[in-house]
> 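Input: one structure, supplied below.
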Amino acid sequence: MQFLQESLVELITQTSTNLPPDVRQAMGLAIGAENPGTQSAQALSIIASNIDMAVEDTGPICQDTGMPTFVVHTPVGVNQIELKKAIRAAVAEATRRGKLRPNSVDSLTGKNSGDNLGVETPVIHFEQWEQDDIEVKLILKGGGCENKNIQYSVPCELDHLGRADRNLEGVRKCILHAVWQAQGQGCAPGALGVCIGSDRAHGYDLAKNELFRTLDDVNPVPELAKLEAEIMEEANRIGVGAMGFGGKVSLIGCKITAANRLPASYFVSVAYDCWAYRRLGVRLDTASGAIIGWLYRDPSRPVEKMAKSEGFPLTGREVMLRAPLTEEAVRALKVGDVVLISGDVYTGRDAVHAYLMKNPPPVDLHGAILYHCGPVMLKQGDVWTVKAAGPTTSSREEPYQSDIIRKYGVRAVIGKGGMGKKTLAALKDAGAVYLNGIGGAAQYYARSIEKVLDVNLIEFGIPEAMWHLQVNNFMAIVTVDAHGNSLHADVEQETGAKLQKLVVSS
Ligand code: SF4
């Protein structure tokens, strides 16, 4: 099979860089449904540009290219051992080409393998079938949305919804709760794969497998088709909105399956995927390994542009910020302000935050802007190039952030999804702000980075290192200000109240 490896590299590249038509269509409807001028509409407009930029540059749509998960169907007699070797080689090659971020971390040592290969990475599921070709499907689902997966053991008590019983009404409550609890942390608008029943482990597998259905299909089981339609309608009334900014579109898809269960167990397993819903598939010739067809794509339909206009629509009300920041400039900001940042920014995520709790920073952080970001970087000669650089979920840094702000004089933190009460208090006391970037807009933000000035702590691996970046007009929204106001807390409260009303009125 002389073409096998290159076919698989092409599958990975296309999955990482070019959203499938059903997802594009759903995102087009989401963009059309949002009220113009709102923060959600602004976020969707940047997402649309980002989707186009990823195709133009064949760059990752989002910097978090997730846990590559392959589902492979082979005719009887195909050597699955060879196929597995080719998939692993293709994953390593796609990583080398900057289409996948090195994402595989040894859970005992914390070491990043650098090529996305490791124990049980990538994930590969094989099945035999009675057709002549090989089918390979791939989903790239990042950590932000993966962390918002949730499993309910019913009966259970749910915030704002009361008791969920062992029936379809209880399942409905669980699914609505899943959308609500994700808020903006999984980069809404999201899509759900749901499994009713099975056991804990297989329930999650089956839920994730539902994400291989197209968003516009209709469930063949009438009760589930009805439930899917109800959830789509109701979840979009809760008001989480794009990035959790509050708005009309929280969900672009809901796909549900049911599997038999043990009499004692009743699980509802929910796989939450983000708007960067990357899944594709190919049919391969069994003799040569060449691609003979694409799944999820309509060859007669060219890739259509998502953005209605170039770039981000400026209103003239944006606040220009230049790092390092003064306390005065930061205290003048209020929730809802759109800022355009220029100057120096330092990345830092889990490993950097843990390091700074015990060690002094390798750079002066007084007045600095800390960016929760694990970029995709390529080294060409001695020069590092940014290939993708959107924000990561900030709540993971909650245990550390307040100490770091207070101790080192950080004036702004950029991330996504908001932070908790400790950070809120530190921002207020120290005179600092939290700025929400648009999650997943990795190409858009890569273009705001003019230069990589330096890198520290590279021993933590590319995503976890502390990158010193020079940015220009880097757009973000103030979602927690230095006066104790938080858009995230407001939206969580308002959407909770709407969730409650949905149950009362049903
Ligand atoms: S779009 Fe958001 S949730 Fe999805 S992979 Fe990217 S950062 Fe993670």
Side-chain angles (χ1 to χ4, degrees), residues 12 15-20 23-24 26-27 30 40 43-54 59-69 99-104 116 138-150 178-179 181-193 208 211 240-245 249-253 270-280 306 347 349-350 371-376 386-397 414-418 436-446 462-464 476-477 479 488:
I12 297 165
T15 309
S16 175
T17 62
N18 192 348
L19 281 185
V23 180
R24 287 166 166 274
M27 285 303 291
S40 275
L44 288 168
S45 138
I46 286 182
I47 288 170
S49 296
N50 185 76
I51 294 169
D52 293 341
M53 289 170 182
I61 295 162
C62 176
Q63 76 287 341
D64 187 351
T65 53
M67 172 70 83
T69 302
K99 309 304 175 190
L100 294 177
R101 183 176 72 180
N103 254 359
S104 178
N116 271 310
L138 169 62
I139 188 163
L140 301 174
K141 183 173 179 298
C145 54
E146 188 66 16
N147 290 346
K148 299 321 291 182
N149 288 359
I150 188 163
V179 176
Q181 60 89 38
Q183 291 288 310
Q185 293 174 5
C187 291
L192 306 179
K208 190 165 186 178
L211 296 172
V240 171
M243 291 301 126
F245 291 160
V249 189
S250 309
L251 205 59
I252 56 169
V270 182
Y272 186 101
D273 209 346
C274 51
W275 68 261
Y277 186 158
R278 292 152 291 174
R279 56 115 170 78
L280 275 178
M306 294 289 300
T347 68
R349 41 184 263 161
D350 310 48
Y371 183 19
H372 294 163
C373 170
V376 179
V386 185
K387 303 308 281 183
T392 193
T393 311
S394 298
S395 57
R396 296 198 311 275
E397 316 317 336
I414 310 173
K416 73 169 168 86
N436 207 115
I438 308 305
Q443 291 302 315
Y444 176 83
Y445 283 121
I462 286 177
E464 296 286 342
I477 297 177
T479 53
H488 308 283

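As a basis for the values below, the full set of heavy atoms in this structure was taken, side chains included, without hydrogen atoms, waters or symmetry mates. Index from 1, following the sequence. Note that ligands are numbered from 1 as they come in the structure, with each ligand's atoms numbered from 1 the same way.
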> Using the side chain to side chain donor-acceptor pair (under 3.5 Å) definition, which of the options D64, T69, N149 pairs with K141?
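For K141, the side chain to side chain donor-acceptor pair (under 3.5 Å) test succeeds with only one of D64, T69, N149, which is N149.
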> Under a 4.0 angstrom heavy-atom cut-off, which atoms of ligand 1 come close to C62?
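Going through ligand 1 atom by atom, the ones under 4.0 Å from C62 are 1 (S), 5 (S), 6 (Fe), 7 (S).
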> For the backbone of M243 and the side chain of W275, can you confirm whether one donor and one acceptor N or O come within less than 3.5 Å of each other?
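Not confirmed, W275 side chain does not pair with M243 backbone.
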> By the definition side chain to side chain donor-acceptor pair (under 3.5 Å), identify the one residue from K148, H372, Q185, K416 that meets it with T393.
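So the option named by the test is K416.
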> May I ask you to identify the nearest protein heavy atom to atom 2 (Fe) of ligand 1, giving residue, atom name and distance to one decimal place in Å?
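Here the closest protein heavy atom is C187 SG, 2.3 Å.
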> Let me know which of R101, Q443, R278 forms a side-chain contact (heavy atoms from CB on, under 4.5 Å) with P60.
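The residue from R101, Q443, R278 that satisfies side-chain contact (heavy atoms from CB on, under 4.5 Å) with P60 turns out to be Q443.
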> With a cut-off of 2.8 Å, does C274 put an N/O/S atom close enough to atom 2 (Fe) of ligand 1?
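No, C274 does not qualify, because none of its backbone or side-chain N, O or S atoms lies under 2.8 Å.
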> Which atoms of ligand 1 have any heavy atom of G440 under 4.0 Å away?
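It comes down to these atoms of ligand 1: 1 (S), 6 (Fe).
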> At less than 4.0 angstrom from any non-hydrogen atom of R278, what atoms of ligand 1 do you find?
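Contacts of ligand 1 toward R278, numbered from 1: 5 (S).
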> Would you mind telling me if ligand 1 is within reach of the side chain of K416, the backbone, both or neither, using heavy atoms under 4.0 Å?
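Answer for K416: side chain.
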> Give the numbers and elements of all ligand 1 atoms closer than 4.0 Å to a heavy atom of G142.
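Counting atoms of ligand 1 from 1, those under 4.0 Å from G142 are 5 (S).
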> Starting from atom 8 (Fe) of ligand 1, what is the nearest protein heavy atom, named by residue and atom, and what distance separates them?
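For atom 8 (Fe) of ligand 1, the nearest protein heavy atom is G144 N, 3.7 Å.
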> Checking S16 side chain against L100 main chain: does a donor-acceptor pair fall under 3.5 Å?
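Side chain of S16 to backbone of L100: no pair is present.
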> If you measure from each non-hydrogen atom of M243 to ligand 1, which part falls under 4.0 Å: side chain, backbone, both or neither?
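Neither part.
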> Within the 4.0 Å heavy-atom shell around G186, which atoms of ligand 1 are there?
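It comes down to these atoms of ligand 1: 3 (S).
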> Measure the spacing between CG of D52 and CZ of R24 and express it to the nearest 0.5 Å.
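Nearest 0.5 Å value for the CG-CZ distance: 6.5 Å.
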> Does E464 come within less than 4.0 Å of R349, counting only side-chain N to carboxylate O?
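R349 and E464: salt-bridged.
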> Between the side chains of D350 and R396, is the shortest nitrogen-to-carboxylate-oxygen separation below 4.0 Å, so that they form an ion pair?
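Yes, R396 and D350 are salt-bridged.
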> Report, in ascending order of atom number, the atoms of ligand 1 lying under 4.0 Å from any heavy atom of C145.
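Those qualifying, in numeric order: 3 (S).
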> Distance under 4.0 Å to a non-hydrogen atom of A276: what atoms of ligand 1 satisfy this?
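By the 4.0 Å cutoff, the relevant atoms are 1 (S).
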